[in-house]
Structure formats: structure tokens, C-alpha cells
Amino acid sequence: MDFYQRVARVCRTIPYGRVATYGQIAMLCGKPRNARQVGYALNRRTEDKIPAHRVVNHQGCLSGAGAFAVPDLQKRLLEIEGVVVNEDQVDLKKFGWKNTLEEATLLKALFEEEQI
DNA sequence: ATACTGACTAATC
DNA sequence: TGATTAGCCAGTA
């Protein structure tokens, strides 16, 4: 199982109306130090039906910087889901994805199973 | 193999 | 608190 595929998988696991951080995703992929690679992965595979708008940095800042072809697209998508965005930032305390231990375990097991 | 890059983070000031 | 610095590591040239 490729790291990028894992990233895609984890992103699709993020619940509607929640956001996750790069570091969080990297951790769930089994590579806690690969936060940057997560961003790189999303950049490469934005077309792959990955809800990348639910991914922000550890401060809750939106990626902005032309990550999405249309400016404010990420912000709009989040607001549609009920996530409040202020000054290109979201409140991780309220909207951050609190991944449960079960979800983490499920993903880990899934990865190990498909990795072989 | 070396050097540089970057949708990141954690540690210092 | 807010700004800087210093690690990080897969990709790319």
C-alpha cells in the first residue's frame, strides 16, 4: 500500500463537517514525520476524489496558496459543511477531527492487510 | 550521489 | 502570544 494511497484513504475517512491536520493524517498513515508529504500527496492527487478541503495545518489555517484552482473554494466547501471559517482559519477545538481509537485501529489494520 | 524544494511541526526566543 | 529557527523526508533535477 503506497503512502499516498493511505493518505487518500484517511482523507476519505474524515467525517463530514470536520477537519484534520497534516500531522494527524501522517500519523494515521503510520508515518508521523511525514506531514509535508501528506500535503505533497494531496497536491499530486487533487483529482482523486479526496476531500482535501477538510485538511488544514496544525493551526487550522487553510492552505489557500493556489492549492485549489478557485480561490476561496476550500473555504466555501467547509462552510457548506457547517465549518466556521474566520480569516482563513478554523477552530480545531470545535471542528477538528477527533479520530477515535477504533477508527485509527481500523485504518491501521486495513493498511497492514492490504500492504503485504 | 548531491542539492534544493515544500498544502508541515515542534521547539525556541 | 507571536515570530523565528531548526528538524523533517519524499520528490525532483
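Here is the naming used below: chain letters follow the sequence lines, and residue numbers restart at 1 for every chain. What you are looking at is a predicted structure, and each value in this text was computed from that prediction instead of being measured.
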Rounded to the nearest 0.5 Å, how far apart are NE2 of A:His58 and OH of A:Tyr22? 11.0 Å

Does anything in residues 68-82 of chain A pair up under salt bridge (charged side-chain N to carboxylate O under 4.0 Å, His left out), and if so which pairs, sequence neighbours excluded? A:Arg54-A:Glu81

To the nearest 0.5 Å, how far apart are CG in A:Leu77 and CD in A:Gln74? 8.0 Å

Collect all protein-nucleotide pairs involving nucleotides 1-4 of chain B in which both atoms are nitrogen or oxygen and the distance is under 3.5 Å.
none

When rounded to the nearest 0.5 angstrom, what is the spacing between NZ in A:Lys49 and SG in A:Cys11? 14.5 Å

side-chain hydrogen bond (donor to acceptor under 3.5 Å, both in side chains) partners of A:Thr105, counting only residues at least two apart: none

Connected via hydrophobic side-chain network under 4.5 Å: A:Met27 and A:Leu107: no

Starting at atom CD of A:Gln89, determine the distance to atom P of B:dA7, rounded to an integer number of angstrom. 18 Å

Near A:Lys98 NZ, under 6.0 Å, is it more than 12 heavy atoms from other residues, nucleotides or ligands? yes

For A:Trp97 versus A:Thr13, what's the shortest heavy-atom pair and its separation? CZ2-O, 3.9 Å

To the nearest Å, how far apart are A:Gln59 CD and B:dA10 P? 10 Å

Once you round to the nearest 0.5 Å, how far does CG of A:Asn99 lie from CG of A:Leu28? 5.0 Å

Counting C-beta onward and ignoring hydrogens, is there a side-chain heavy-atom pair between A:Gln59 and A:Gln89 closer than 4.5 Å? yes

What residues from residues 19-26 of chain A pass a heavy-atom cutoff of under 4.0 Å to DNA chain B? A:Thr21, A:Tyr22, A:Gly23

Can you give me the N/O atom pairs linking the protein to nucleotides 1-6 of chain C at distances under 3.5 Å, or say none if there are none?
none

Produce a footprint string for nucleotides 7-13 of chain C: one letter per nucleotide, 5' end first; B if the base is under 4.0 Å from any protein heavy atom, S if only the sugar-phosphate is, - if neither. BBBSSS-

Which whole-number value in Å describes the distance from A:Ile50 CD1 to B:dA7 P? 16 Å

Step through the shown structure and confirm whether more than 12 heavy atoms of other residues, nucleotides or ligands are within 6.0 Å of CZ on A:Arg12. yes

Going hydrophobic residue to hydrophobic residue with side-chain gaps under 4.5 angstrom, can you get from A:Val56 over to A:Val84? yes

Looking at A:Leu62, A:Ile14, A:Val55, A:Leu78, which hits side chain to side chain contact (heavy atoms under 4.5 Å, CB included) with A:Val19? A:Leu78

